[in-house]
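Below you'll find the structure, written out as structure tokens, and then a few comments.
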Amino acid sequence: MNVLERVPVREQDAKERAANFKEVCLGYNMDEAIAEAQRCIGCKNAQCVKGCPVAINIPGFIDEVKKGDIAAAYQVISEASALPAVCGRVCPQESQCEGKCLRGIKGDAVSIGKLERFVADYAREHDIKPEVHAEKKGKKVAVIGSGPAGLTCAGDLAKAGYDVTIFEALHEAGGVLIYGIPEFRLPKEDVVEKEIQNVKELGVKIETNVVVGKSVTIDELMDQEGFEAVFIGSGAGLPKFMGIPGENLNGVFSANEYLTRSNLMKAFREENPTPIMRGRKVAVVGGGNVAMDAARTALRLGAETHIVYRRSEEELPARVEEVHHAKEEGIIFDLLTNPVEILADENGWVKGIKCVRMELGEPDESGRRRPVAKKGSEFEMELDTVIMALGTSPNPLISSTTEGLEVNKWKYIIADEENGKTTKEGVYAGGDAVTGAATVILAMGAGKAAAKGIDEYLSAR
């Protein structure tokens, strides 16, 4: 074995997977996982842990994998993470834990994410559950939203002995894990639902179809229903558009709506009654992970699919792995290209987009080079579907119905990064509702910080 090279991960063949919604990555088996774990040098001052937003004891769990004690490895992970099977699949490890791996200085970093996934999957298949030893404190905490921030906060509070209830607006728990990330990246029944069940087995109650701010307010939860603290992890589900002509045409979707129809409502299954646009030629505008998810979904629904992005490949914000998979599957990348108008046919349906070619100028405030339109470079693309994947912002319903809860100029809730404390006493917040759209693991980190803040607050009362 060459310790400088990571053990390859088995995947579905690109041509086969482009026509189905089964998981792309097949993960490690026991022998492969142990072999990959052996590459870890067990640093005393482990930089990988510093790169993990929830501070998993990475050398500790990998050491157990080396011994073949996967049950023990799972307990090590579970001390810090409520969603290891999810994180092992969708976290950007290359820029976090693996990005700081010392093995990666010479050769490949250890495949920490794939090892975490293996451990979590093994635990699920062998019915191994997180161990909990907390005494009940007799205090109630409400968590708004059952996405990664809410589930993490609820799980940590339950482990600390609190009586926790999650309120979810949709009819299924999971937040973005259920509605936003496709089946081929994150299986719902085998992975997400099982992880949520583990959180429920900690004692967490989940009430669905409760729209906080409409069904009930935060003040009513605290004043009338006896919750002594509230965590807001409601995410950022309000889609953004470009503001160009033609965005109201038939055949134009936000990535949020498109992915929710497919992922939550199972519209990718032909027998399912939920409708979805099965385009012939689709353009997805944007370059992040959501854009890749929408494009790869449209491809699987039978379309010739294009990613239209105004910067170059070097600036694509999506994970390298997602871009690689998209290319393998046949997604066409129209880079340094920006739409300026969506074109209509005589019946008000999309027939194409008018674009301009771009070139990169000086860096902007994000550090990326600013795209500048080339004069006289306009051209048209023939299409029947356009999906806008340009980011999201928080729904203002909660902030507009909660007196004393302040937001910033972008309508994000103002909260302390260290403990999630907001401007309203007893109310904490974290995840996309505070930072804007980010990664699953950063939302989990915020949920974890807020759980600690809530525990400190309630312990002092």
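Nothing fancy with the numbering, it's 1 onward along the sequence.
The structure places CG of L335 at 9.5 Å from CD of E315, a figure rounded to the nearest 0.5 Å. Rounded to the nearest 0.5 Å, atoms OG1 (T439) and CG (N289) are 9.0 Å apart. Separation of atoms CZ (R6) and SG (C101) is listed at 8.5 Å; rounding is to 0.5 Å. With values rounded to the nearest 0.5 angstrom, R311 atom CZ is found 8.0 Å from R370 atom CZ. Note that CG of D293 and CD1 of I181 are 7.0 Å apart. Values are rounded to the nearest 0.5 Å. Atom CD1 of I105 is separated from atom NZ of K100 by 11.0 Å, given to the nearest 0.5 angstrom.
Between P239 and M388 there is no side-chain heavy-atom pair separated by less than 4.5 Å. Looking at T305 and E329, their side chains never come closer than 4.5 Å, going by heavy atoms from C-beta outward. Between K281 and H306 the shortest side-chain heavy-atom distance falls below 4.5 Å. Residues K194 and N198 are not in side-chain contact: their nearest non-hydrogen atoms beyond the backbone lie 4.5 Å or more apart. In this structure, the side chains of P53 and M444 stay at 4.5 Å or more apart for every pair of heavy atoms.
More than 12 non-hydrogen atoms from other residues, nucleotides or ligands lie less than 6.0 angstrom from CD of E359. Heavy-atom contacts from other residues, nucleotides or ligands closer than 6.0 Å to NZ of K129 number more than 12. By the 6.0 Å contact criterion, CG on N248 is open, its count of non-hydrogen atoms from other residues, nucleotides or ligands being 12 or less. More than 12 heavy atoms of other shown residues, nucleotides or ligands fall within 6.0 angstrom of atom CD in E201. Heavy-atom neighbours of K205 NZ from other residues, nucleotides or ligands within 6.0 Å: above the threshold of 12. The number of heavy atoms from other shown groups lying within 6.0 Å of NZ (K266) is above 12. Within a 6.0 Å sphere centred on CD of E417, heavy atoms belonging to other residues, nucleotides or ligands number 12 at most.
Under the 6.0 Å distance and 45° angle rule, R300 counts as a cation-pi partner of F184. Geometrically, R117 does not engage Y28 in a cation-pi contact defined by less than 6.0 Å to the ring centre and at most 45° from the axis.
For the pair K106 (side chain) and R103 (backbone), a donor-acceptor distance under 3.5 Å is absent. A donor-acceptor pair under 3.5 Å is formed between the side chain of D432 and the backbone N or O of A438. Judged by distance alone, the side chain of R369 and the main-chain N or O of L360 form a donor-acceptor pair under 3.5 Å. Formation of a donor-acceptor pair under 3.5 Å by the E183 side chain with backbone atoms of N20 is not found in this model. Side chain of K448 to backbone of A80: a donor-acceptor contact under 3.5 angstrom is found. Between the side chain of E172 and the main chain of I178, no donor-acceptor pair closer than 3.5 Å is present.
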Q: Quick one: do H325 and E321 satisfy side-chain hydrogen bond (donor to acceptor under 3.5 Å, both in side chains)? Show the steps, please.
A: CA-CA 6 Å; H325 282 157; E321 182 178 51; 4.6 Å; no
Q. Please walk me through it: do K354 and E378 pass salt bridge (charged side-chain N to carboxylate O under 4.0 Å, His left out)?
A. CA-CA 7 Å; K354 184 184 291 183; E378 292 85 0; over 6 Å; no
Q: Please report the C-alpha distance between E341 and I353 in whole Å, then the side-chain angles of each, then the deciding distance to 0.1 Å, and finally whether the side-chain contact (heavy atoms from CB on, under 4.5 Å) criterion is met.
A: CA-CA 6 Å; E341 183 181 355; I353 54 174; over 6 Å; no
Which pairs of donor and acceptor atoms, one on a side chain in residues 54-68, lie under 3.5 Å apart (sequence neighbours left out)?
| residue | atom | partner | partner atom | Å |
| --- | --- | --- | --- | --- |
| N57 | OD1 | G60 | N | 2.9 |
| K66 | NZ | C40 | O | 2.9 |

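Tested against E116, the residues C97, P84, S111, C91 include a single side-chain contact (heavy atoms from CB on, under 4.5 Å) partner, P84. Just one of I413, V212, V143 meets the side-chain contact (heavy atoms from CB on, under 4.5 Å) condition when paired with I232; it is I413. For the salt bridge (Lys or Arg N to Asp or Glu O under 4.0 Å) criterion with E23, the lone passing option out of R89, K188, R10, R185 is R89.
Using the six-membered ring where Trp is involved, Y122 and H126 have ring planes that are parallel, under 30° apart on the 30 and 60° scheme.
The distance between the ring centers of F21 and F268 falls below 6.0 angstrom.
Looking at E257 and T260, their side chains never bring a donor and an acceptor atom within 3.5 Å of each other.
Nearest heavy-atom pair across Y309 and P317 is OH-CD, 3.5 Å. For the pair V204 and A154, the tightest heavy-atom approach, listed with the atom from each and the gap, is CG2-O, 3.6 Å. Nearest heavy atoms, A303 versus V282: CB-CG2, 3.5 Å. For the residue pair D108 and E5, the shortest heavy atom distance occurs at OD2-CA, 3.3 Å.
Classification of E322 and R296 as a salt-bridged pair holds, one side-chain N sitting under 4.0 Å from a carboxylate O.
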